[in-house]
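Single-structure report; data block below.
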Protein chains: 2
Amino acid sequence: MSARALPYRPHNHDACVSQALSDARAICQQQSARLTPTRERVLELVWQSHKPLGAYDVLAKLTAEGHNAAPPTVYRALDFLQQHGLVHRIASLNAFIGCAHVGEHHTGMFLICRVCGNVLELTDASVSTAIRNAAGAEVFRAEAVTLEVAGVCPGCQTEPNHE
Amino acid sequence: MSARALPYRPHNHDACVSQALSDARAICQQQSARLTPTRERVLELVWQSHKPLGAYDVLAKLTAEGHNAAPPTVYRALDFLQQHGLVHRIASLNAFIGCAHVGEHHTGMFLICRVCGNVLELTDASVSTAIRNAAGAEVFRAEAVTLEVAGVCPGCQTEPNHE
DNA sequence: TGTGCAACTGTTATAATGTTGCACTTTTTT
DNA sequence: AAAAAAGTGCAACATTATAACAGTTGCACA
Ligand SMILES: [Zn+2]
Ligand SMILES: [Zn+2]
Ligand SMILES: [Zn+2]
Ligand SMILES: [Zn+2]
């Protein structure tokens with residue numbers, strides 16, 4: 001898995017998308033999971049940018065392109081994608097974003113820019129270790145970590161209205 | 001601020017509640033904020049246990065005791081309490097819980113037991129530091145951290161149906 | 001090649017969570 | 001006392017998510 005583009009830096013985002021789709025096909029093949037057309041399309045829509053997309057935003061895009069979709073269509077696809085580690089749900093935003101580390105066993109940490117809306121997913125061993133230790137000190141068996149940091153990204157610290 | 005009881009250990013929970021209320025009165029006085037009867041009652045309801053309470057659960061309790069409340073009543077009270085650091089919102093549960101560290105400047109870390117539903121709020125310097133460093137390495141200006149760990153508490157690791 | 005099962009999809013309805021806007025009351029300030 | 005600010009009640013509405021059930025498709029296997 002090669003280095004990823006930074007969300008808030010100009011980059012060839014089509015490369016992000018096609019990489020994500022090809023990763024997804026590989027993962028699903030390997031897990032004998034069916035990446036059906038609807039699921040693949042939802043994944044592609046979620047990857048349209050590095051900004052999290054709400055389930056109803058996905059729904060609107062599907063509807064706009066003639067797909068006869070209802071909320072369960074979208075939520076089911078998103079559930080599937082989450083279960084196979086292809087997208088993450090950002091709890092503080094009720095929105096979904098493509099996973100930038102598919103395949104790697106990871107605990108995502110999300111840096112959410114409140115100005116431009118872009119989200120960077122990180123993996124940081126010292127953060128994971130510290131969390132694991134803190135939970136362990138309370139004899140708590142940790143299973144899932146939600147770690148979301150809201151703030152301002154490098155681009156927006158200098159250019160206030162970065163899009 | 002004295003040591004807190006562990007949520008999942010039997011304890012005199014009335015002490016938790018009265019401590020929370022007296023802390024809240026002190027904080028509000030100090031900040032010239034008005035802890036009105038509705039706000040105080042909502043805080044007390046949220047503190048009824050160490051399990052997070054949904055806004056509509058609070059609403060139902062208010063209604064049950066004859067208070068003529070609507071959703072905005074509850075959300076406004078909860079907003080006020082959050083702004084003054086008296087309750088936290090648990091994003092992964094859409095629910096609210098009393099803050100166990102009022103007054104201390106802290107970044108809460110929540111250990112959420114998926115069996116009994118109790119939540120323990122921790123503060124851990126090495127976790128905060130690791131998160132701050134990881135964000136700093138990306139030149140990201142962190143403003144708010146959401147850190148919620150789902151898993152199984154010590155009590156529920158041995159007694160499966162702990163209530 | 002069919003045939004049965006499991007997974008997937010479409011559709012309708014509904015639940016759960018959260019917000020807006022406005023009129024009115026209470027408290028604080030001047 | 002008058003004006004301003006903060007708080008409350010209320011109705012309507014917006015957003016997010018799920019339940020239930022019928023129909024369809026893909027796939028293993030006789
Ligand atoms: Zn990109
Ligand atoms: Zn930004
Ligand atoms: Zn207690
Ligand atoms: Zn427990």
Side-chain angles (χ1 to χ4, degrees), chain A residues 24-25 27-29 31-43 45-46 51-84 86-97 112 117 146 148, chain B residues 24-25 27-43 45-46 51-84 86-97 117 146 148:
Chain A
R25 288 187 200 104
I27 295 281
C28 287
Q29 172 123 33
Q31 303 185 6
S32 324
R34 290 167 54 196
L35 190 62
T36 62
T38 301
R39 290 166 175 176
E40 184 168 328
R41 185 65 187 129
V42 169
L43 180 60
L45 288 170
V46 167
K51 304 177 192 189
L53 209 57
Y56 278 75
D57 296 329
V58 174
L59 177 57
K61 287 176 188 288
L62 286 178
T63 301
E65 62 194 33
H67 189 303
N68 205 342
T73 310
V74 174
Y75 281 101
R76 286 194 286 229
L78 289 170
D79 285 349
F80 171 90
L81 295 170
Q82 270 186 96
Q83 253 148 27
H84 293 82
L86 301 171
V87 305
H88 295 287
R89 180 170 190 278
I90 307 291
S92 58
L93 299 176
N94 296 332
F96 300 82
I97 192 158
I112 306 167
T146 299
E148 302 168 11
Chain B
R25 287 187 201 106
I27 295 282
C28 287
Q29 172 123 30
Q30 177 192 327
Q31 304 186 3
S32 326
R34 291 167 53 196
L35 188 63
T36 62
T38 301
R39 291 166 174 174
E40 185 169 327
R41 185 66 188 130
V42 169
L43 180 60
L45 288 170
V46 167
K51 305 179 190 186
L53 209 57
Y56 278 74
D57 296 330
V58 173
L59 177 57
K61 286 176 188 287
L62 285 178
T63 302
E65 60 194 36
H67 189 303
N68 206 341
T73 310
V74 173
Y75 282 101
R76 286 193 288 227
L78 289 170
D79 285 349
F80 170 90
L81 295 170
Q82 270 187 97
Q83 252 147 28
H84 293 82
L86 301 172
V87 304
H88 294 287
R89 181 171 189 276
I90 307 292
S92 58
L93 299 177
N94 297 333
F96 299 83
I97 192 158
T146 297
E148 301 168 9

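Model, not experiment: these values are computed from the prediction. Labels below follow one simple rule: chain letters A, B, ... track the order of the sequence lines, proteins then strands, and each chain is numbered from 1.
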Measure the distance from CG on L53(A) to P on dT16(D) and round it to the nearest whole Å. 11 Å
Identify, residue by residue, the members of residues 56-69 of chain B with a heavy atom below 4.0 Å from DNA chain C, and return them in order of residue number, or none. Y56(B)
Which atom names give the shortest non-hydrogen contact between L35(A) and C28(A), and what distance separates them? CB-SG, 3.9 Å
Need two values: the first and the last nucleotide of DNA chain C, 5' to 3', having an atom under 4.0 Å from any heavy-atom of chain B. dT17(C) to dT27(C)
What nucleotide among dT16(D), dA6(D), dT8(D) has an atom nearest to a side-chain atom of R34(B)? dA6(D)
Is there side-chain contact between R89(B) and L78(B), with heavy atoms separated by less than 4.5 Å? no
Is the CD atom of Q29(A) crowded by more than 12 outside heavy atoms at less than 6.0 Å? no
Integer-rounded Å distance: dG9(D) C1' and R76(B) CZ: 7 Å
Is a side-chain donor or acceptor of E148(A) paired with a backbone partner of I90(A) at a separation under 3.5 angstrom? no
Does Y75(A) have a side-chain nitrogen or oxygen under 4.0 Å from the phosphate oxygens OP1 or OP2 of dT18(D)? no
Can you give me the bend angle of the helix from dT1(C)-dA30(D) to dT30(C)-dA1(D)? Use the axis through the first five pairs and the one through the last five, nearest 10 degrees. 30°
Check whether R41(A) reaches the backbone of L62(A) with its side chain - one donor and one acceptor, N or O, closer than 3.5 Å. no
